[in-house]
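Below, read A as the first sequence line, B as the second, and so on, with proteins coming before strands; counting in each chain starts at 1. The structure presented is a predicted model; accordingly, all values stated were derived computationally and were not measured.
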2 protein chains.
Amino acid sequence: MIQGKGQNARPTMVDVANAAGVSKSTVSRAFSQPEMLGTETVSRILEIASSIGYVPNHTARALSTGRYGNVALVVPDVTNPFFPPLIRAAQMSADLADYCVFLGNSDESWRQEDKLLDRFVGQVDGLLLVASRLSEERIHGHAARKPTVLINRDVRGIPRVLIDSGQGVQEAIAHLAALGHKRIVYVSGPSTSWSNQQRRNAVRQGARDFHLHVDIVAARVASYESGRAVVPTILATGASAAIAFDDVTAHGIMTGMADLGVSVPSSFSVIGCDDVLGAATYPSLTTVSTRSDEAGHAAMSLLLDLLNSRSVGDARITLDTHLVVRGTTSAPPRR
Amino acid sequence: MIQGKGQNARPTMVDVANAAGVSKSTVSRAFSQPEMLGTETVSRILEIASSIGYVPNHTARALSTGRYGNVALVVPDVTNPFFPPLIRAAQMSADLADYCVFLGNSDESWRQEDKLLDRFVGQVDGLLLVASRLSEERIHGHAARKPTVLINRDVRGIPRVLIDSGQGVQEAIAHLAALGHKRIVYVSGPSTSWSNQQRRNAVRQGARDFHLHVDIVAARVASYESGRAVVPTILATGASAAIAFDDVTAHGIMTGMADLGVSVPSSFSVIGCDDVLGAATYPSLTTVSTRSDEAGHAAMSLLLDLLNSRSVGDARITLDTHLVVRGTTSAPPRR
DNA sequence: TCTTGACGTGCAACCGGTTGCATAGAATAG
DNA sequence: CTATTCTATGCAACCGGTTGCACGTCAAGA
């Protein structure tokens with residue numbers, strides 16, 4: 001666009017340069033490499049710049065340097081309470097390094113995720129994919145274009161932060177076993193979810209260690225309603241306790257139990273995962289705490305490190321989890 | 001950066017131009033103004049472009065056109081359940097128009113909000129501020145630079161989408177009055193929040209209409225914990241029902257009541273606002289439903305309209321609310 | 001005193017597109 | 001058959017920065 005600059009046009013470097021009686025280059029360096037210039041030159045330029053309201057143009061800088069100062073953050077579903085704390089933490093980490101973050105919501109669809117990433121790729125330095133629903137091939141494809149960090153997705157060769165439910169689930173099962181439970185169920189979440197697979201396996205392993213019988217009951221999706229709906233199936237197994245894929249599902253299960261007149265925890269114990277509801281259920285939920293905010297913070301830091309020193313490597317950070325015992329677990333009813 | 005292009009450099013327009021035996025301009029027009037060119041020229045160029053994997057450079061285009069294809073979305077707190085549905089809806093609306101969205105979390109601080117906006121301003125076409133904590137002056141300042149739309153903030157001259165709690169709160173009070181309540185309390189939220197002021201006034205007005213006595217009890221912030229903590233104060237007023245600033249606070253109140261052995265709803269009725277918890281509390285919460293997702297959608301659509309046709313005007317869209325009666329309200333206890 | 005080097009600054013090319021204007025050839029009018 | 005209007009395309013300037021290299025100056029070393 002060839003445009004005469006109106007009176008409200010933002011000042012540019014040449015405006016500053018003219019006002020200061022120096023060249024465009026010098027102004028540029030005053031901002032990006034001040035140590036290259038004379039001390040008083042720098043201060044004079046900065047002063048003049050701020051006096052006429054000059055602000056460097058992000059886009060122009062990006063074009064010539066190829067560095068955008070932006071990162072993309074893509075999650076499957078913003079409205080799932082697991083993600084907001086993570087988003088907030090990632091956001092703040094990026095913020096401290098003066099990065100802006102694009103948010104994408106894939107709506108649990110790999111096509112949507114793919115489309116968003118294609119849109120973002122031209123204006124970001126790096127990607128942060130949370131619980132990606134993409135195939136490994138496509139993840140590798142995107143990672144080949146831009147530095148990429150994954151959360152809760154274990155792809156060899158791509159830096160990743162994994163919330164390891166193993167420890168927490170182990171504790172949960174030990175807790176149930178100590179209370180005297182013999183038969184439990186695991187209420188699974190989305191089959192494409194890495195976390196779900198990991199938790200399911202951890203439950204199986206833990207049950208083996210403590211000699212408990214475990215049934216797997218599938219909730220179609222991770223939601224309050226599907227937890228509530230699956231209660232009859234849970235009870236049909238004859239179990240006295242359930243570990244749910246996540247807190248939201250666990251919460252639904254609690255309500256479903258109440259609907260059927262089964263009291264929690266005296267008649268049935270419930271354990272969630274993620275600790276996103278805090279103590280907000282009644283009774284408050286015993287759960288495996290996963291600190292999604294720590295994951296967000298760790299992953300963003302990792303990504304930013306990557307962007308500074310291209311020391312890629314095959315980072316694989318795992319975050320421990322632990323059981324938080326609250327009010328939804330007790331000894332099984334005698335019969 | 002003066003760089004020889006490595007073998008993995010993305011192809012540019014000139015690459016396409018050379019391959020097609022035309023000039024750079026022609027390739028440009030094949031993408032942005034195809035009707036200006038010969039039909040077969042366009043198709044040939046597009047074909048060659050895709051065959052060598054050419055993708056237009058978003059940043060370069062932005063630099064010369066001054067249009068970025070991005071919008072900024074700033075909220076006070078991603079982790080407050082009111083916002084994620086709104087974010088999701090805004091995101092999807094932007095997505096349909098091929099816009100990317102920057103997300104900012106102001107952490108309830110106007111300084112942070114200001115800082116984020118300054119960072120965003122250089123690479124967005126418009127701003128969407130949700131429940132902004134900025135002063136009117138600063139809002140006007142930012143709005144002068146970029147087309148701006150507000151949600152739940154009523155600033156004259158700036159297009160805004162307001163969730164009007166009036167109707168819903170009126171219904172809530174009618175509901176309580178019909179049940180026989182005489183004395184109620186309003187548990188307020190953040191004092192800087194427009195929604196809080198609006199709801200407080202609506203409660204006062206409604207109470208006047210139905211001849212109820214209303215006390216205002218201040219929760220320091222809108223959170224589960226502060227709702228829980230304020231329960232003794234609520235009970236001290238002698239009221240038999242409470243309307244809380246939002247669902248999260250209401251939920252806290254429910255727990256606080258249970259802590260003190262006051263049963264909801266038989267001994268005390270509770271009504272929330274926002275309907276973000278769905279039926280997820282127990283008993284399920286009677287609340288004023290505000291459809292934050294609709295607000296997100298409406299506001300983003302408004303902003304995008306603004307960006308296309310600078311028909312600014314002083315749009316002021318209000319969204320109705322209504323009461324959803326669930327399980328936390330009943331007749332007051334007899335004494 | 002002359003060379004040498006460090007230091008501070010300017011010149012101009014470059015990043016990858018967009019677009020006003022010019023122009024050549026074809027189509028239509030006179 | 002020439003004058004006029006379109007149409008399709010190219011040229012080159014421009015968006016607002018960054019940066020390799022050249023140049024001039026001044027001080028230290030020979």
The side chain of B/Ser28 lies closest to which of these nucleotides: C/dT19, D/dG17, D/dC15? C/dT19
Kindly say whether B/Lys24 contributes a backbone atom to a donor-acceptor pair with the side chain of B/Arg29 at under 3.5 angstrom? no
Which residue lies more 5' along DNA chain C, comparing B/Gln33 with B/Ala60 via nearest heavy atoms: B/Ala60
In whole Å, what is the span from the CD1 atom of B/Ile45 to the P atom of C/dG17? 13 Å
Looking only at the aromatic ring of each residue, does the gap between the centers of A/Phe120 and A/Tyr68 stay below 6.0 angstrom? no
Heavy-atom side-chain contact between A/Arg133 and A/Pro76 under 4.5 Å: yes
How many Å lie between CG on B/Asn57 and P on C/dC15, as a whole number? 12 Å
Check the distance between D/dG17's C1' and A/Asp15's CG and give it to me in whole angstrom. 13 Å
Looking just at side-chain N and O atoms, do A/Gln112 and A/Asn105 make a donor-acceptor pair shorter than 3.5 Å? no
A/Leu63 CG to C/dG16 P, straight-line distance once rounded to whole Å: 7 Å
Between A/Asp125 and A/Lys146, is there a side-chain N and carboxylate O pair less than 4.0 Å apart? no
Please find the pair of heavy atoms, one from A/Arg61 and one from A/Ser32, that lie closest to each other, and give the distance. NH1-CB, 4.4 Å
Atom pairs, protein N/O to nucleotides 8-11 of chain D N/O, distance under 3.5 Å:
{"unit_1": "D/dT9", "atom_1": "OP1", "unit_2": "B/Thr41", "atom_2": "OG1", "d": "2.6"}
{"unit_1": "D/dT9", "atom_1": "OP2", "unit_2": "B/Gly38", "atom_2": "N", "d": "2.9"}
{"unit_1": "D/dT9", "atom_1": "OP2", "unit_2": "B/Thr41", "atom_2": "OG1", "d": "3.4"}
{"unit_1": "D/dG10", "atom_1": "OP1", "unit_2": "B/Ser23", "atom_2": "N", "d": "3.4"}
{"unit_1": "D/dG10", "atom_1": "OP2", "unit_2": "B/Ser23", "atom_2": "N", "d": "2.9"}
{"unit_1": "D/dG10", "atom_1": "OP2", "unit_2": "B/Ser23", "atom_2": "OG", "d": "3.0"}
{"unit_1": "D/dG10", "atom_1": "OP2", "unit_2": "B/Thr26", "atom_2": "OG1", "d": "2.2"}
{"unit_1": "D/dG10", "atom_1": "N7", "unit_2": "B/Arg29", "atom_2": "NH2", "d": "3.1"}
{"unit_1": "D/dG10", "atom_1": "O6", "unit_2": "B/Arg29", "atom_2": "NH2", "d": "2.9"}
{"unit_1": "D/dC11", "atom_1": "N4", "unit_2": "B/Ser25", "atom_2": "OG", "d": "2.8"}

Could you tell me whether the side chain of A/Asp77 and the main chain of A/Asp107 form a donor-acceptor pair under 3.5 Å? no
Gap between atoms CG and C1', on A/Asn18 and C/dG10 respectively (whole Å): 14 Å
Check for a donor-acceptor pair, side chain of B/Arg160 on one end and backbone N or O of B/Asn152 on the other, with a separation under 3.5 Å. no
How many Å lie between CE on A/Met13 and P on C/dG10, as a whole number? 13 Å
Does OP1 or OP2 of D/dC15 have a side-chain N or O of B/Tyr68 closer than 4.0 Å? no
Look at all strands and tell whether B/Tyr54 reaches a base, only sugar-phosphate, or nothing, counting heavy atoms closer than 4.0 Å. sugar-phosphate
Does atom NE2 (A/His142) have a neighbourhood of more than 12 heavy atoms from anything else shown, all under 6.0 Å? yes
Is DNA chain D part of any stem, that is, at least 3 consecutive Watson-Crick or G-U pairs with both distances under 3.5 Å, and where? C:1-26 with D:5-30
